Asks: 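Structure incoming, see below.
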Amino acid sequence: DTAVSQTPKYLVTQMGNDKSIKCEQNLGHDTMYWYKQDSKKFLKIMFSYNNKELIINETVPNRFSPKSPDKAHLNLHINSLELGDSAVYFCASNSGGDNEQFFGPGTRLTVL
Amino acid sequence: EDQVTQSPEALRLQEGESSSLNCSYTVSGLRGLFWYRQDPGKGPEFLFTLYSAGEEKEKERLKATLTKKESFLHITAPKPEDSATYLCAVHPSNSGYALNFGKGTSLLVTP
């Protein structure tokens with residue numbers, strides 16, 4: 001059983017387009033996250049979210065927005081895509097607090 | 001500012017040649033230090049969590065230790081399948097549960 005899944009695995013698009021990446025977890029976790037891994041493999045937090053609170057990394061442009069239709073899903077919407085948005089995006093989840101986070105397989109976004 | 005620094009950036013070992021990876025950190029109140037393994041094209045896979053100085057955890061050929069300023073991931077008699085990028089992350093007390101990652105150590109174990 002896949003614990004944290006993401007779709008699509010690869011996404012190639014033109015500058016200026018709007019796209020979404022979906023994330024689902026079947027672990028019953030309360031908290032979900034989005035991370036960005038750049039070309040130098042550096043993982044940085046973008047958002048953390050549970051059913052009570054959204055915490056946004058202040059360096060994330062407001063073109064990025066997380067949307068959670070229910071506790072098991074946290075989708076990432078990106079408007080007006082730019083070249084610099086090209087990266088691998090990882091979704092993660094945990095049962096909150098200091099517990100280990102489980103990561104999805106990643107979505108490689110390429111903006112042309 | 002919270003910082004996590006991993007060294008070396010890359011490490012090449014012969015099979016059976018033991019070594020250690022370093023993760024030094026400065027955070028405003030540590031709530032946990034995590035080690036993950038990442039294989040190419042995959043998401044990070046959880047290895048260990050350490051919460052307090054002096055704590056140690058082991059799993060097969062890996063052993064993680066923690067002091068007040070750094071953590072070590074000791075690899076004993078590594079095998080080629082241990083080749084991966086090893087990521088260290090800290091959970092500061094003011095992060096809203098998000099992890100601050102280091103840039104990782106890329107480990108290659110040759111037969």
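Treat the numbers as computed from the prediction; the structure is a model and nothing was measured. Just so it is clear, the values below take in all heavy atoms, side chains as well, and ignore hydrogens, waters and symmetry mates. So that the names make sense, note that chain A is the first sequence line, chain B the second, and so on, each numbered from 1.
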Asks: Quick check on the hydrophobic clustering: are B/Leu30 and B/Leu50 connected, directly or via other members, by side-chain heavy-atom contacts under 4.5 Å?
Replies: yes
Asks: Under a 4.5 Å heavy-atom cut-off, does chain A meet the side chain of B/Tyr36, its backbone, both or neither?
Replies: side chain
Asks: Where do A/Lys41 and B/Gln38 land on the side chain to side chain contact (heavy atoms under 4.5 Å, CB included) test, with the steps shown first?
Replies: CA-CA 10 Å; A/Lys41 310 295 185 187; B/Gln38 186 174 23; 5.7 Å; no
Asks: Can you list the other members of the hydrophobic cluster that holds A/Phe42, where links are side-chain heavy atoms under 4.5 angstrom apart?
Replies: none
Asks: Can you confirm whether B/Lys42 is buried at NZ, in the sense that more than 12 heavy atoms of other residues, nucleotides or ligands lie under 6.0 Å from that atom?
Replies: no
Asks: Count the heavy atoms belonging to other residues, nucleotides or ligands that lie under 6.0 Å from NZ of A/Lys67, then report whether that count exceeds 12.
Replies: yes
Asks: With a 4.5 Å cut-off on side-chain heavy atoms, are A/Gln101 and B/Leu99 touching?
Replies: yes
Asks: Let's test your reading of the structure: which of B/Gly32, B/Gly41, B/Pro44 forms the most heavy-atom pairs below 4.5 Å with chain A?
Replies: B/Pro44
Asks: Grouping I, L, V, M, F, W and Y whenever their side-chain heavy atoms are under 4.5 Å apart, do B/Phe72 and B/Tyr86 come out in a common cluster?
Replies: no
Asks: For B/Arg61, I'd like to know if atom CZ has over 12 heavy atoms of other residues, nucleotides or ligands within 6.0 Å.
Replies: yes
Asks: Please tell me whether B/Phe101 and A/Ile45 are part of a single hydrophobic cluster in this structure, the criterion being side-chain heavy atoms less than 4.5 Å apart.
Replies: yes
Asks: Given that the side chain runs from C-beta out, which part of A/Gln37 has a heavy atom under 4.5 Å from chain B: side chain, backbone, both or neither?
Replies: side chain
Asks: Which answer fits A/Lys9, side chain, backbone, both or neither, if we ask what part of it has an atom under 4.5 Å from a heavy atom of chain B?
Replies: side chain
Asks: If you group Ile, Leu, Val, Met, Phe, Trp and Tyr by side-chain heavy-atom gaps below 4.5 Å, do A/Phe64 and A/Val111 land in one group?
Replies: yes
Asks: Strictly less than 4.5 Å between heavy atoms, which residues of residues 76-86 of chain A line up against chain B? Please order them by number.
Replies: none
Asks: Which pair of non-hydrogen atoms, one from A/Glu100 and one from B/Phe34, has the smallest distance, and what is that distance?
Replies: CA-CE2, 3.8 Å
Asks: For B/Glu9, does the CD atom have more than 12 heavy-atom neighbours from other residues, nucleotides or ligands under 6.0 Å away?
Replies: no
Asks: Quick check: are there more than 12 heavy atoms from other residues, nucleotides or ligands sitting under 6.0 Å from CG of A/Asp70?
Replies: yes
Asks: First locate atom CG of A/Asn99, then atom NE2 of B/His91, and finally report the distance between them rounded to the nearest 0.5 Å.
Replies: 9.5 Å
Asks: Less than 4.5 Å to any heavy atom of chain A: does that hold for the side chain of B/Lys103, its backbone, both, or neither?
Replies: both
